[in-house]
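The analysis underlying the following values was restricted to heavy atoms, covering all of them including side chains, and did not include hydrogens, waters or symmetry mates. Labels below follow one simple rule: chain letters A, B, ... track the order of the sequence lines, proteins then strands, and each chain is numbered from 1.
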There are 2 protein chains.
Amino acid sequence: MSNAFQLEKVQVALTPLERFEEFLQSRRMRMTQQRRQIVDEVFSRHEHFNADELCDLLGRSSAGRVSRPTVYRTLKELEEAGLLRKMNLAGRRVYEHDYGYPQHDHLYCEKCEKLIEFHSEEVARIREAVAREHHFRPSGHRLIITGLCSECARAKRRPRRLELV
Amino acid sequence: MSNAFQLEKVQVALTPLERFEEFLQSRRMRMTQQRRQIVDEVFSRHEHFNADELCDLLGRSSAGRVSRPTVYRTLKELEEAGLLRKMNLAGRRVYEHDYGYPQHDHLYCEKCEKLIEFHSEEVARIREAVAREHHFRPSGHRLIITGLCSECARAKRRPRRLELV
DNA sequence: TTGCGTGCAAATCTTTTGCAGAATG
DNA sequence: CATTCTGCAAAAGATTTGCACGCAA
(Lines give C-alpha, C1' and ligand atoms only; values in the text may rest on other atoms or scores of the structure.)
Protein backbone atom coordinates (compact mmCIF):
# COMPACT_ATOMS: atom_id res chain seq x y z
CA MET A 1 0.00 0.00 0.00
CA SER A 2 1.84 3.02 -1.20
CA ASN A 3 -0.74 5.29 0.41
CA ALA A 4 0.05 4.30 3.96
CA PHE A 5 1.58 7.11 5.97
CA GLN A 6 4.02 4.60 7.34
CA LEU A 7 5.45 2.63 4.46
CA GLU A 8 5.64 -1.14 4.64
CA LYS A 9 8.92 -2.68 5.58
CA VAL A 10 10.89 -4.45 2.92
CA GLN A 11 11.99 -8.00 3.50
CA VAL A 12 15.63 -8.15 4.44
CA ALA A 13 17.79 -11.12 5.27
CA LEU A 14 19.75 -9.55 8.11
CA THR A 15 18.84 -7.43 11.09
CA PRO A 16 20.33 -3.93 11.09
CA LEU A 17 22.79 -5.05 13.73
CA GLU A 18 23.90 -8.04 11.68
CA ARG A 19 24.19 -5.89 8.61
CA PHE A 20 26.35 -3.43 10.50
CA GLU A 21 28.55 -6.24 11.79
CA GLU A 22 29.16 -7.36 8.23
CA PHE A 23 30.07 -3.82 7.27
CA LEU A 24 32.46 -3.45 10.19
CA GLN A 25 34.14 -6.75 9.43
CA SER A 26 34.63 -5.78 5.82
CA ARG A 27 36.56 -2.79 7.07
CA ARG A 28 38.43 -4.45 9.90
CA MET A 29 36.51 -2.41 12.41
CA ARG A 30 35.16 -3.71 15.71
CA MET A 31 31.72 -4.24 17.11
CA THR A 32 31.75 -2.44 20.42
CA GLN A 33 29.34 -1.98 23.27
CA GLN A 34 28.69 1.60 22.16
CA ARG A 35 28.04 0.78 18.51
CA ARG A 36 25.65 -1.95 19.52
CA GLN A 37 23.80 0.40 21.84
CA ILE A 38 23.45 3.05 19.16
CA VAL A 39 22.12 0.61 16.57
CA ASP A 40 19.62 -0.75 19.10
CA GLU A 41 18.38 2.70 19.96
CA VAL A 42 18.23 3.94 16.39
CA PHE A 43 16.31 0.95 15.06
CA SER A 44 13.94 0.62 18.02
CA ARG A 45 11.64 3.21 16.43
CA HIS A 46 11.05 4.57 12.97
CA GLU A 47 10.93 8.31 13.67
CA HIS A 48 13.37 10.70 12.12
CA PHE A 49 15.96 12.02 14.56
CA ASN A 50 19.05 14.15 14.74
CA ALA A 51 22.40 13.67 16.45
CA ASP A 52 21.45 15.74 19.46
CA GLU A 53 18.24 13.85 20.14
CA LEU A 54 20.05 10.55 19.88
CA CYS A 55 22.66 11.77 22.36
CA ASP A 56 19.87 12.58 24.79
CA LEU A 57 18.27 9.17 24.40
CA LEU A 58 21.59 7.43 24.89
CA GLY A 59 22.37 9.64 27.82
CA ARG A 60 19.32 8.34 29.68
CA SER A 61 20.01 4.77 28.60
CA SER A 62 20.30 2.17 31.33
CA ALA A 63 23.03 0.40 29.39
CA GLY A 64 25.51 3.16 30.17
CA ARG A 65 26.02 6.41 28.31
CA VAL A 66 27.68 7.01 24.99
CA SER A 67 29.72 10.13 24.41
CA ARG A 68 28.77 12.74 21.87
CA PRO A 69 31.82 12.25 19.63
CA THR A 70 31.11 8.54 19.48
CA VAL A 71 27.52 9.19 18.49
CA TYR A 72 28.65 11.43 15.65
CA ARG A 73 31.30 8.96 14.56
CA THR A 74 28.90 6.05 14.58
CA LEU A 75 26.15 7.91 12.73
CA LYS A 76 28.61 8.57 9.95
CA GLU A 77 29.50 4.88 9.85
CA LEU A 78 25.85 3.84 9.75
CA GLU A 79 25.37 6.16 6.82
CA GLU A 80 28.30 4.66 4.96
CA ALA A 81 27.01 1.19 5.77
CA GLY A 82 23.72 2.07 4.10
CA LEU A 83 21.70 1.69 7.29
CA LEU A 84 20.82 5.35 7.67
CA ARG A 85 20.21 8.21 5.32
CA LYS A 86 20.85 11.83 6.25
CA MET A 87 18.55 14.57 5.12
CA ASN A 88 18.29 18.33 5.57
CA LEU A 89 14.96 19.57 6.75
CA ALA A 90 14.43 23.27 7.26
CA GLY A 91 18.01 23.58 8.39
CA ARG A 92 17.76 20.58 10.71
CA ARG A 93 19.89 17.57 9.87
CA VAL A 94 17.88 14.44 10.48
CA TYR A 95 18.47 10.77 9.90
CA GLU A 96 16.03 8.12 8.77
CA HIS A 97 16.21 4.37 8.30
CA ASP A 98 17.53 3.35 4.93
CA TYR A 99 18.12 -0.36 5.34
CA GLY A 100 14.90 -2.36 5.20
CA TYR A 101 12.76 0.50 3.91
CA PRO A 102 11.72 1.24 0.35
CA GLN A 103 12.74 4.29 -1.65
CA HIS A 104 10.39 7.12 -0.80
CA ASP A 105 9.92 10.87 -0.67
CA HIS A 106 8.41 13.23 1.90
CA LEU A 107 5.62 15.60 2.68
CA TYR A 108 6.76 18.03 5.36
CA CYS A 109 4.31 20.02 7.47
CA GLU A 110 5.74 23.47 8.11
CA LYS A 111 3.54 23.94 11.15
CA CYS A 112 3.77 20.76 13.21
CA GLU A 113 6.95 19.57 11.48
CA LYS A 114 5.43 16.17 10.82
CA LEU A 115 7.11 14.14 8.09
CA ILE A 116 4.91 11.94 5.95
CA GLU A 117 6.48 9.37 3.68
CA PHE A 118 5.13 8.49 0.26
CA HIS A 119 6.21 6.48 -2.71
CA SER A 120 5.64 7.46 -6.31
CA GLU A 121 6.75 5.68 -9.43
CA GLU A 122 6.11 8.91 -11.28
CA VAL A 123 8.97 10.62 -9.52
CA ALA A 124 11.37 7.92 -10.66
CA ARG A 125 10.06 8.32 -14.22
CA ILE A 126 10.57 12.08 -14.20
CA ARG A 127 14.02 11.63 -12.80
CA GLU A 128 15.01 9.42 -15.71
CA ALA A 129 13.40 11.67 -18.28
CA VAL A 130 15.02 14.86 -17.00
CA ALA A 131 18.38 13.17 -16.61
CA ARG A 132 18.25 11.90 -20.17
CA GLU A 133 17.50 15.39 -21.49
CA HIS A 134 20.55 16.75 -19.74
CA HIS A 135 22.86 13.80 -20.39
CA PHE A 136 23.03 13.44 -16.64
CA ARG A 137 23.66 10.12 -14.91
CA PRO A 138 21.35 10.05 -11.88
CA SER A 139 22.27 8.13 -8.75
CA GLY A 140 19.44 9.30 -6.53
CA HIS A 141 17.05 12.09 -5.78
CA ARG A 142 15.31 13.86 -2.98
CA LEU A 143 11.84 15.35 -3.19
CA ILE A 144 10.27 17.21 -0.31
CA ILE A 145 6.85 18.75 -0.65
CA THR A 146 6.28 21.42 1.99
CA GLY A 147 2.95 22.72 3.18
CA LEU A 148 0.36 21.95 5.82
CA CYS A 149 -0.77 18.48 6.86
CA SER A 150 -4.49 17.78 7.06
CA GLU A 151 -4.76 18.61 10.77
CA CYS A 152 -2.82 21.84 10.58
CA ALA A 153 -4.62 22.95 7.44
CA ARG A 154 -7.93 22.42 9.22
CA ALA A 155 -6.75 24.29 12.30
CA LYS A 156 -5.57 27.17 10.19
CA ARG A 157 -8.83 27.55 8.33
CA ARG A 158 -10.67 28.43 11.54
CA PRO A 159 -8.19 29.47 14.16
CA ARG A 160 -10.51 31.95 15.94
CA ARG A 161 -13.00 29.40 17.06
CA LEU A 162 -10.36 27.31 18.75
CA GLU A 163 -8.26 30.10 20.19
CA LEU A 164 -11.16 32.00 21.75
CA VAL A 165 -12.48 29.16 23.87
CA MET B 1 12.93 26.85 -23.34
CA SER B 2 12.70 24.58 -20.37
CA ASN B 3 15.75 22.66 -21.55
CA ALA B 4 18.18 25.52 -21.16
CA PHE B 5 20.75 24.96 -18.42
CA GLN B 6 20.25 28.54 -17.45
CA LEU B 7 16.55 29.27 -17.23
CA GLU B 8 15.09 32.37 -18.81
CA LYS B 9 14.34 35.32 -16.61
CA VAL B 10 10.75 36.12 -15.84
CA GLN B 11 9.42 39.61 -16.51
CA VAL B 12 9.17 41.60 -13.33
CA ALA B 13 8.03 45.16 -12.80
CA LEU B 14 10.62 46.15 -10.24
CA THR B 15 14.35 45.67 -9.93
CA PRO B 16 15.45 43.56 -6.98
CA LEU B 17 16.60 46.71 -5.23
CA GLU B 18 13.26 48.42 -5.75
CA ARG B 19 11.46 45.34 -4.58
CA PHE B 20 13.59 45.26 -1.46
CA GLU B 21 12.91 48.93 -0.79
CA GLU B 22 9.20 48.24 -0.89
CA PHE B 23 9.65 45.39 1.54
CA LEU B 24 11.70 47.52 3.91
CA GLN B 25 9.19 50.34 3.83
CA SER B 26 6.34 47.96 4.60
CA ARG B 27 8.21 47.03 7.75
CA ARG B 28 9.44 50.47 8.71
CA MET B 29 12.99 49.41 8.03
CA ARG B 30 15.62 51.57 6.36
CA MET B 31 17.52 51.33 3.12
CA THR B 32 21.16 51.60 4.08
CA GLN B 33 24.44 51.71 2.26
CA GLN B 34 25.18 48.14 3.35
CA ARG B 35 21.84 46.68 2.28
CA ARG B 36 22.19 48.38 -1.10
CA GLN B 37 25.68 46.99 -1.53
CA ILE B 38 24.58 43.47 -0.68
CA VAL B 39 21.65 43.53 -3.09
CA ASP B 40 23.92 44.85 -5.85
CA GLU B 41 26.47 42.14 -5.29
CA VAL B 42 23.93 39.32 -4.95
CA PHE B 43 22.01 40.19 -8.10
CA SER B 44 25.04 41.01 -10.22
CA ARG B 45 25.41 37.29 -11.08
CA HIS B 46 23.16 34.26 -11.09
CA GLU B 47 25.41 31.69 -9.38
CA HIS B 48 24.46 30.03 -6.16
CA PHE B 49 26.45 31.27 -3.18
CA ASN B 50 26.70 30.96 0.56
CA ALA B 51 27.08 33.52 3.32
CA ASP B 52 30.82 33.09 3.56
CA GLU B 53 31.45 33.58 -0.14
CA LEU B 54 29.33 36.71 -0.11
CA CYS B 55 31.32 38.04 2.83
CA ASP B 56 34.50 37.56 0.83
CA LEU B 57 33.11 39.34 -2.21
CA LEU B 58 31.93 42.24 -0.09
CA GLY B 59 35.23 42.32 1.71
CA ARG B 60 37.03 43.06 -1.56
CA SER B 61 34.40 45.55 -2.61
CA SER B 62 35.54 49.04 -3.46
CA ALA B 63 32.40 50.48 -1.94
CA GLY B 64 33.62 49.73 1.57
CA ARG B 65 33.27 46.51 3.50
CA VAL B 66 30.21 45.03 5.11
CA SER B 67 30.52 43.13 8.35
CA ARG B 68 29.70 39.47 8.65
CA PRO B 69 26.76 39.92 11.05
CA THR B 70 25.21 42.42 8.67
CA VAL B 71 25.58 40.01 5.79
CA TYR B 72 23.79 37.30 7.74
CA ARG B 73 21.08 39.70 8.88
CA THR B 74 20.49 41.00 5.38
CA LEU B 75 20.41 37.56 3.78
CA LYS B 76 17.63 36.62 6.16
CA GLU B 77 15.75 39.76 5.21
CA LEU B 78 16.18 39.07 1.50
CA GLU B 79 14.77 35.62 2.06
CA GLU B 80 11.74 36.99 3.89
CA ALA B 81 11.30 39.56 1.14
CA GLY B 82 11.10 36.75 -1.40
CA LEU B 83 14.21 37.85 -3.25
CA LEU B 84 16.35 34.88 -2.29
CA ARG B 85 15.70 31.24 -1.56
CA LYS B 86 17.89 29.18 0.73
CA MET B 87 18.68 25.59 -0.03
CA ASN B 88 20.73 22.81 1.51
CA LEU B 89 23.16 21.14 -0.81
CA ALA B 90 25.27 18.31 0.52
CA GLY B 91 25.50 20.07 3.84
CA ARG B 92 26.28 23.42 2.27
CA ARG B 93 23.72 26.17 2.72
CA VAL B 94 23.44 28.12 -0.49
CA TYR B 95 21.21 30.89 -1.74
CA GLU B 96 19.74 31.39 -5.16
CA HIS B 97 17.69 34.11 -6.79
CA ASP B 98 13.98 33.74 -6.23
CA TYR B 99 12.61 37.05 -7.47
CA GLY B 100 12.53 37.25 -11.23
CA TYR B 101 13.20 33.58 -11.83
CA PRO B 102 10.72 30.83 -12.56
CA GLN B 103 9.98 27.87 -10.31
CA HIS B 104 12.54 25.18 -10.99
CA ASP B 105 14.33 22.15 -9.61
CA HIS B 106 17.94 20.97 -9.73
CA LEU B 107 20.34 18.38 -11.00
CA TYR B 108 23.37 18.27 -8.73
CA CYS B 109 26.67 16.76 -9.84
CA GLU B 110 28.29 15.00 -6.92
CA LYS B 111 31.69 15.22 -8.51
CA CYS B 112 32.13 18.78 -9.75
CA GLU B 113 29.29 20.15 -7.59
CA LYS B 114 27.72 21.83 -10.59
CA LEU B 115 24.07 22.76 -10.19
CA ILE B 116 21.85 22.53 -13.25
CA GLU B 117 18.41 24.06 -13.18
CA PHE B 118 15.44 22.53 -14.93
CA HIS B 119 11.74 23.08 -15.06
CA SER B 120 9.15 20.33 -15.24
CA GLU B 121 5.39 20.63 -15.25
CA GLU B 122 5.30 16.96 -14.34
CA VAL B 123 6.76 17.66 -10.94
CA ALA B 124 4.03 20.17 -10.19
CA ARG B 125 1.44 17.61 -11.27
CA ILE B 126 2.83 14.93 -9.03
CA ARG B 127 2.97 17.37 -6.17
CA GLU B 128 -0.73 18.08 -6.49
CA ALA B 129 -1.65 14.43 -6.90
CA VAL B 130 0.34 13.24 -3.89
CA ALA B 131 -0.89 16.11 -1.76
CA ARG B 132 -4.50 15.32 -2.62
CA GLU B 133 -4.04 11.69 -1.64
CA HIS B 134 -2.75 12.73 1.76
CA HIS B 135 -5.11 15.65 2.32
CA PHE B 136 -2.04 17.80 2.44
CA ARG B 137 -2.05 21.46 1.44
CA PRO B 138 1.17 22.05 -0.51
CA SER B 139 2.90 25.40 -0.53
CA GLY B 140 6.06 24.41 -2.34
CA HIS B 141 8.49 21.64 -3.03
CA ARG B 142 12.13 20.92 -3.58
CA LEU B 143 13.47 18.25 -5.90
CA ILE B 144 17.16 17.57 -6.27
CA ILE B 145 18.39 14.82 -8.51
CA THR B 146 21.94 13.82 -7.64
CA GLY B 147 24.40 12.03 -9.88
CA LEU B 148 27.05 12.88 -12.42
CA CYS B 149 26.85 15.60 -15.04
CA SER B 150 27.71 14.72 -18.63
CA GLU B 151 31.35 15.79 -18.34
CA CYS B 152 32.01 13.98 -15.09
CA ALA B 153 30.21 10.86 -16.27
CA ARG B 154 32.40 10.81 -19.37
CA ALA B 155 35.55 11.34 -17.34
CA LYS B 156 34.61 8.56 -14.99
CA ARG B 157 33.99 6.03 -17.73
CA ARG B 158 37.62 6.17 -18.89
CA PRO B 159 39.74 7.69 -16.17
CA ARG B 160 42.91 5.71 -16.99
CA ARG B 161 43.44 7.21 -20.38
CA LEU B 162 43.33 10.73 -19.05
CA GLU B 163 45.25 10.17 -15.83
CA LEU B 164 48.13 8.27 -17.39
CA VAL B 165 49.18 10.92 -19.88
C1' DT C 1 15.81 64.15 16.55
C1' DT C 2 14.33 59.46 16.90
C1' DG C 3 14.97 55.23 16.47
C1' DC C 4 16.86 51.63 13.33
C1' DG C 5 21.25 49.62 11.73
C1' DT C 6 26.07 48.55 12.03
C1' DG C 7 30.40 46.73 13.63
C1' DC C 8 32.79 44.66 17.19
C1' DA C 9 33.46 41.18 20.35
C1' DA C 10 31.75 37.50 22.42
C1' DA C 11 28.37 33.90 22.85
C1' DT C 12 26.02 29.80 20.74
C1' DC C 13 25.39 25.72 18.48
C1' DT C 14 26.90 21.86 16.00
C1' DT C 15 30.36 18.90 14.60
C1' DT C 16 35.19 17.42 14.47
C1' DT C 17 39.84 16.26 16.17
C1' DG C 18 44.10 15.06 19.13
C1' DC C 19 45.32 12.17 22.47
C1' DA C 20 45.83 8.95 26.49
C1' DG C 21 43.77 5.19 28.41
C1' DA C 22 40.21 1.22 27.69
C1' DA C 23 38.42 -2.49 25.13
C1' DT C 24 38.11 -5.84 21.17
C1' DG C 25 39.45 -9.67 18.09
C1' DC D 1 49.04 -8.51 22.14
C1' DA D 2 48.33 -5.32 18.43
C1' DT D 3 45.01 -2.23 17.11
C1' DT D 4 40.97 -0.05 17.12
C1' DC D 5 37.73 2.75 20.09
C1' DT D 6 36.19 5.76 23.42
C1' DG D 7 35.77 9.83 26.26
C1' DC D 8 37.58 14.08 27.41
C1' DA D 9 38.84 18.50 26.34
C1' DA D 10 39.58 21.53 23.06
C1' DA D 11 39.30 23.13 18.31
C1' DA D 12 36.77 24.48 14.43
C1' DG D 13 33.15 26.30 11.59
C1' DA D 14 28.86 28.66 11.12
C1' DT D 15 25.62 31.74 12.77
C1' DT D 16 23.65 34.78 16.33
C1' DT D 17 23.45 38.32 19.96
C1' DG D 18 24.41 42.39 23.25
C1' DC D 19 25.80 46.75 23.11
C1' DA D 20 27.52 51.49 22.14
C1' DC D 21 27.91 54.43 18.42
C1' DG D 22 26.54 56.04 13.65
C1' DC D 23 23.26 57.12 10.25
C1' DA D 24 18.65 57.28 7.62
C1' DA D 25 14.18 59.29 7.61
Side-chain angles (χ1 to χ4, degrees), chain A residues 17-18 20-42 48-61 63-81 84-95, chain B residues 17-18 20-42 48-61 63-81 84-95:
Chain A
L17 190 62
E18 290 165 342
F20 193 36
E21 282 183 314
E22 267 196 352
F23 170 82
L24 292 174
Q25 280 172 19
S26 75
R27 296 224 190 167
R28 286 206 201 76
M29 291 164 81
R30 295 165 182 179
M31 175 51 76
T32 63
Q33 186 50 48
Q34 289 87 337
R35 285 185 176 135
R36 207 184 324 267
Q37 233 178 291
I38 290 173
V39 173
D40 283 353
E41 188 64 53
V42 161
H48 297 68
F49 64 94
N50 64 23
D52 197 53
E53 289 160 354
L54 181 56
C55 285
D56 276 0
L57 285 169
L58 289 165
R60 286 194 225 106
S61 168
R65 55 191 58 227
V66 179
S67 74
R68 190 166 282 269
T70 296
V71 168
Y72 276 98
R73 285 186 279 237
T74 306
L75 282 175
K76 192 173 289 174
E77 290 156 13
L78 288 171
E79 220 187 324
E80 288 174 46
L84 291 181
R85 184 184 310 165
K86 184 153 57 177
M87 143 164 96
N88 273 92
L89 219 63
R92 201 172 152 245
R93 291 183 182 173
V94 301
Y95 289 89
Chain B
L17 189 63
E18 289 166 341
F20 193 36
E21 282 184 314
E22 268 197 349
F23 170 82
L24 292 174
Q25 280 172 17
S26 75
R27 295 223 190 170
R28 286 206 199 77
M29 292 164 79
R30 295 165 182 180
M31 175 51 77
T32 64
Q33 186 49 49
Q34 288 88 336
R35 286 184 176 137
R36 206 184 322 269
Q37 235 180 292
I38 291 173
V39 172
D40 283 353
E41 187 65 52
V42 161
H48 298 68
F49 63 94
N50 64 24
D52 197 53
E53 289 161 355
L54 181 57
C55 286
D56 277 1
L57 285 169
L58 289 165
R60 286 194 225 105
S61 167
R65 54 191 59 231
V66 179
S67 73
R68 191 165 283 269
T70 295
V71 168
Y72 276 99
R73 286 186 278 236
T74 306
L75 283 175
K76 193 173 290 175
E77 291 156 11
L78 289 171
E79 220 187 324
E80 287 173 48
L84 291 180
R85 184 184 310 167
K86 183 153 62 178
M87 140 166 99
N88 272 92
L89 220 62
R92 201 171 151 247
R93 292 182 182 175
V94 301
Y95 289 88

Minimum heavy-atom separation for [X] to [Y], with atom names?
X: B:Val71; Y: B:Ala51; result: CG1-O, 4.2 Å
X: B:Arg68; Y: B:Cys55; result: NH2-CB, 3.7 Å
X: A:Met87; Y: A:His48; result: CE-CD2, 3.5 Å

Quick check: does any side chain N or O of B:Glu21 sit under 3.5 Å from a backbone N or O of B:Met31, one acting as donor and the other as acceptor? no

Is the side chain of A:Arg35 donor-acceptor paired with the backbone N or O of A:Arg30 at a distance under 3.5 Å, no angle test?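 Yes: the side chain of A:Arg35 pairs with the backbone of A:Arg30.
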
A:Arg35 side chain N/O closer than 4.0 Å to the phosphate oxygens (OP1, OP2) of D:dC5?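 Answer yes for this pair, as a side-chain N or O of A:Arg35 is under 4.0 Å from OP1 or OP2.
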
Can you measure from CZ (B:Arg73) to CG (B:Leu75) and round to the nearest 0.5 angstrom?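 So the CZ of B:Arg73 and the CG of B:Leu75 are separated by 12.0 Å.
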
Counterpart residues, side-chain hydrogen bond (donor to acceptor under 3.5 Å, both in side chains), relative to B:Gln34 (two or more places apart): none

A correct 5'-to-3' footprint of nucleotides 18-25 of chain D, with B, S and - meaning base, sugar-phosphate only and no protein heavy atom under 4.0 Å, is B-----BS

Derivation and outcome, side-chain contact (heavy atoms from CB on, under 4.5 Å), residues A:Val66 and A:Glu41: CA-CA 11 Å; A:Val66 179; A:Glu41 188 64 53; over 6 Å; no

For side-chain contact (heavy atoms from CB on, under 4.5 Å), just list the numbers for A:Asn50 and A:Arg93, CA-CA rounded to whole Å, side-chain angles, deciding distance to a tenth of an Å, and then say yes or no. CA-CA 6 Å; A:Asn50 64 23; A:Arg93 291 183 182 173; 5.6 Å; no

Students should find this one: the first and last nucleotides of DNA chain C, 5' to 3', lying under 4.0 Å from a heavy atom of chain A. What are they?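 Answer, 5' to 3': C:dT14 to C:dG25.
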
Would you kindly give the [atom1]-to-[atom2] distance between [X] and [N], to the nearest whole Å?
X: B:Leu54; N: D:dT15; atom1: CG; atom2: C1'; value: 14 Å
X: B:Leu75; N: D:dT16; atom1: CG; atom2: P; value: 10 Å
X: A:Gln37; N: D:dT6; atom1: CD; atom2: C1'; value: 12 Å

Can you list the steps and then say if B:Thr32 with B:Thr70 is a side-chain contact (heavy atoms from CB on, under 4.5 Å)? CA-CA 11 Å; B:Thr32 64; B:Thr70 295; over 6 Å; no

Could I get a table of every N or O pair under 3.5 Å where one atom is in the protein and the other is in nucleotides 12-14 of chain D?
none

With a 4.0 Å cut-off on heavy atoms, is B:Arg65 in touch with a base, just the backbone sugar-phosphate, or nothing at all? sugar-phosphate

Counting heavy atoms not belonging to A:Arg65, are there more than 12 under 6.0 Å from its CZ? no

List the steps, then state whether side-chain contact (heavy atoms from CB on, under 4.5 Å) holds for B:Val39 with B:Arg36. CA-CA 5 Å; B:Val39 172; B:Arg36 206 184 322 269; over 6 Å; no

For the helix from C:dT1-D:dA25 to C:dG25-D:dC1, figure out the bend between the end axes, five pairs an end, and round to 10 degrees.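 If I round to tens, the end axes sit 40° apart.
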
Starting at the 5' end of DNA chain C, which residue's closest nucleotide do you reach first, B:Arg28 or B:Val71? B:Arg28

With sequence neighbours excluded, what pairs up with B:Arg27 under the side-chain contact (heavy atoms from CB on, under 4.5 Å) test?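 For B:Arg27, the residues satisfying side-chain contact (heavy atoms from CB on, under 4.5 Å) (neighbours in sequence not counted) are B:Phe23, B:Met29, B:Glu80.
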
